[in-house]
Amino acid sequence: MTREILAFDHDLIHAGNKGLGIDHDNVTEQVDALLEQMTLAQQLNEVRGLQAHAIDGLYFAGGDADLAIPPFKMVDGPRGARTGHATAFPVAMARGASFDVYLERRVGLAIGLEVAARGGNVLLAPTINLLRHPGWGRAQETYSEDSFHIGAMGSAFISGAQNHVLASPKHFAVNNVENTRFEMTSDVSPRVLHEVYLPHFKRCVVEAGAASIMSAYNKLNGTYCGEHTELLTAILRDDWGFKGFVESDWFLGTRSTSDALNAGLDIEMPVGFRFSDENIYAAIEAGSLNEATIRQAAGRCLYAKVAWDLLHQVTPDPSVVESAEHLSLAREVAEKSIVLLKNQQQILPLSDVAGKRYAVVGDMADIANLGDRGSSFVTPTHGVSPLEGIRHLVQTAEVTYLNSAADLASLTDSLADFDAVIVVAGLNFVDEGEFIPTEQQEAGGVDLARGGDRELLTLPAIQQALIERVSALSKQTIVILQGGSAIEMRAWVDQVQGLLMAWYPGCEGGHGIAGVLFGTVNPSGRLPVSIPREIDQHVPWDITSLQVPHGYLQGYAYMQANQSEPEYPFGFGLSYTAFALEGLIVQTTDTGLRVSVDVTNTGAMAGATVVQLYVSCRGSKVLRAPRALKGFGRVELAASEQATLVLLVDDESLAFYHEQIADWQLEACQYDLLVGFSSVDLPLCSSWLFDGQDWQPM
Ligand code: BGC
């Protein structure tokens, strides 16, 4: 029998998560007793942040020393603890490319531990907004363009983090445009909302027991998310059973007093402006707000404090921050997230390097490019640049760095003499990221952080010119791209011989890049976003729009429905070895289907692949994605080794949201289970019929 690998082992992933298994009745009793002792003024104190700007990265909210109630101490964010120096992990989009839930759990554990060591008790992460369009400025903060994928990665992260601190997935909900985020409305039908934009939130709440949720700045169907009763109460609490607290997104995240509190927003961050004494008492006086609502919001905050015993939280030793273990994890993640997109004539890995001559080109080669400088910015003590990583690894070859146009001009003729020319190009925090208004930059001391959405997906002209110039001179050109999501490359990709997508690879990224280039690491990342040939292959994108209709299809589903072939499809990535799939077996279980498949490394080098399961619903009476991801698993195999991957598909995940009955329904029709290596490479298929009651193989 071959080794069996469970794609998502719930026991393992959720181990130690303090948000699960809370004794609800007991905690509620304690909270009620506490509330009884509290005046309205004291309750009010629980529902707002205490200062506009973070103190050593900590945003305080609530807390009362006399009543022995601890404050929340909230810390950003999705790629590491934003306090002083901390381990800067590869951005979430990079981690999404690892398709490795077990690894993501470890990242959650590490970030949660660092936050706790810095005195924080709430981690403002993960960002789990679905990437509707790769031009979103904050694309790098989330995991992918696919809801199932985000749900799996996000819940793994939360379960890791919640071993140490409360996690607050954000931004609830349908937040996916940056420049107009304070005003725009995301317009969605109930079905699109429930099926496309919310399932990953639901999974993070229901399965991973997220202790908190951050609401979003934008409007949903015309109503600000921070005062959206359907979102914050009907869906989140009544339907999903969420017991935690909801804090607003920061400045401008709370737009009203009564409407926000009545809708279910519990804390205004970062300070009480709408939730000031003055506004709240006036609202009570005017009859638009009840004292009972304040008590309820305060009670939800207390619930988390009691359930997590925050009063007695032990602060881990600060030496865990940037520990050798965390740095090595950051490096492992970088290694596993880099995607090899092109490898013409096996130019990679660069081997037998002794005595060879390599040129490394581009300003970006000498910089540890960590991503945007908005709220997810993390400052490590040291960031390893690609050049540093290469020089560290390759000591028997000559590595020449050409950083400026002048350097390049002088070497133009001899560029072809190098054994390979490695161009590092891409985007940085000026090109994309959270958009930080100038006043906030000044107040918060953030330099030059422009960020925002990308109107186009092409590289900045200077970066593109560099690639074109080098590739015209050397037929051994390898491009290392950095960026937070898809980059259009039609203009130059045919001219280069090797291409790696390195994302923003974190503080150890340079080592990861060098490892993949020179073959000490076998690349295994897969694209979590479709790279289009041209931007129009993705859904319409207008970064100035204040009203954005969200259809049912986006990303790979949109392209497949339009029969539009991307440059590189969702789920794609090359390896230095080869894999084969066989023996697809599908069986019924009490809750759905169990899919198993044998994976073999048919090459001569150890490596990892990501097996993906997509489901096609044939003859459906509603619009469906031609194929929708419903399972994946990263499988590491020695040369010639075989293993069996097991994926569990719940009926629930195959159901569609029936708008007329406002509920989920598993439609009676044919379901094709397609298994393979990317959204377009699915060699195995098993067809099943659901007759309304039972599953039958076809
Ligand atoms: C961002 C949040 C972040 C918060 C605190 C907001 O502007 O949208 O993601 O957690 O700032 O820094």
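Order of listing sets the numbers, starting from 1, for every ligand and every atom in it. Given the structure is predicted, the values throughout are model-derived calculations rather than measurements.
Taking 4.0 Å as the cut-off, F251 does not count as a neighbour of ligand 1 on heavy-atom distance. Residue-ligand proximity: M74 is placed with every non-hydrogen atom at 4.0 Å or more from ligand 1. Not a single heavy atom of M269 lies less than 4.0 angstrom from ligand 1.
Heavy atoms of R181 found under 4.0 angstrom from ligand 1 belong exclusively to the side chain.
Considering backbone and side-chain atoms together, H171 places an N or O closer than 3.5 Å to an N or O of ligand 1. At least one N or O atom of D76 sits closer than 3.5 Å to an N or O atom of ligand 1.
Between Y217 and F182, the angle of the ring planes goes over 60°, which puts this pair in the perpendicular group of the 30/60° scheme. Taking the six-membered ring where the residue is Trp, Y143 and H149 present perpendicular rings, their angle passing 60° and hence far from 30°. Taking the six-membered ring where tryptophan is involved, the planes of F8 and H14 are tilted, since the angle between them lies from 30° to 60°.
In the vicinity of R138, heavy-atom distances shorter than 4.0 Å reach the ligand 1 atoms 1 (C), 2 (C), 8 (O), 9 (O). Those atoms of ligand 1 with a heavy atom of M214 less than 4.0 angstrom away are 2 (C), 10 (O). Contact atoms of ligand 1 toward Y217: 6 (C), 7 (O), 8 (O) (distance under 4.0 Å to a heavy atom of the residue). The ligand atoms of ligand 1 that sit less than 4.0 angstrom from a heavy atom of K170 are 2 (C), 3 (C), 9 (O), 10 (O).
Each of R237, K243, R48 was checked for a salt bridge (charged side-chain N to carboxylate O under 4.0 Å, His left out) with D266, and the lone residue meeting it is R237.
Aromatic pair F429/F377: ring centres not closer than 6.0 Å.
A donor-acceptor contact shorter than 3.5 Å is absent between the side chain of H53 and the backbone of Q51.
Between H171 and N218, every side-chain heavy-atom pair lies at or beyond the 4.5 Å cut-off.
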